[in-house]
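When a residue number appears, it is its place in the shown sequence, counting from 1.
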Amino acid sequence: MQENTTPAQGRHSLNLKTGNEQQSFIWIIAAVRRDCPTIKANIHHIAASTEREARLSLVKEHVCFFAGRINQGVAHA
């Protein structure tokens with residue numbers, strides 16, 4: 001018998017799935033490059049399972065200030 005524990009991290013904790021499934025999201029993150037002399041926000045679309053994971057992919061070169069989430073693989077009736 002396997003023990004399935006899903007950690008509550010960021011917005012991923014809103015996931016209602018159970019078991020070993022890992023839900024994937026498209027995260028929409030607005031960010032400004034750290035080395036840019038003017039403030040110009042860019043929108044990035046990043047596939048990741050958590051907001052933290054998505055932000056970590058940008059944090060080295062960007063200051064992130066907004067995040068939204070789009071579920072992948074959701075069928076609407």
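Atom CD1 of Ile43 is surrounded by more than 12 heavy atoms from other residues, nucleotides or ligands within 6.0 Å.
Under the 4.5 Å side-chain criterion, counting only non-hydrogen atoms from C-beta, Phe25 is in contact with Asn71.
Residues forming a side chain to side chain contact (heavy atoms under 4.5 Å, CB included) with Ala41 (at least two apart in sequence, or on another chain): Val32, Phe65. With sequence neighbours left out, the side chain to side chain contact (heavy atoms under 4.5 Å, CB included) criterion links Phe66 to Ala30. When the side chain to side chain contact (heavy atoms under 4.5 Å, CB included) test is applied to Val63, the partners found at least two apart in sequence or on another chain are Arg34.
Note that CG of Leu58 and SG of Cys64 are 4.5 Å apart. Values are rounded to the nearest 0.5 Å.
The stretch residues 43-63 participates, sequence neighbours left out, in these ring-ring contact (aromatic ring centres under 6.0 Å, His included) pairs: His44-His62.
In the hydrophobic clustering, Val59 connects to Leu56, either directly or through intervening members, whenever side-chain heavy atoms lie under 4.5 Å apart.
Closest heavy-atom contact between Ala54 and Ile46: O-CD1, 3.6 Å.
With Trp27 contributing its side chain and Ala48 its backbone, the two residues share a donor-acceptor pair below 3.5 Å.
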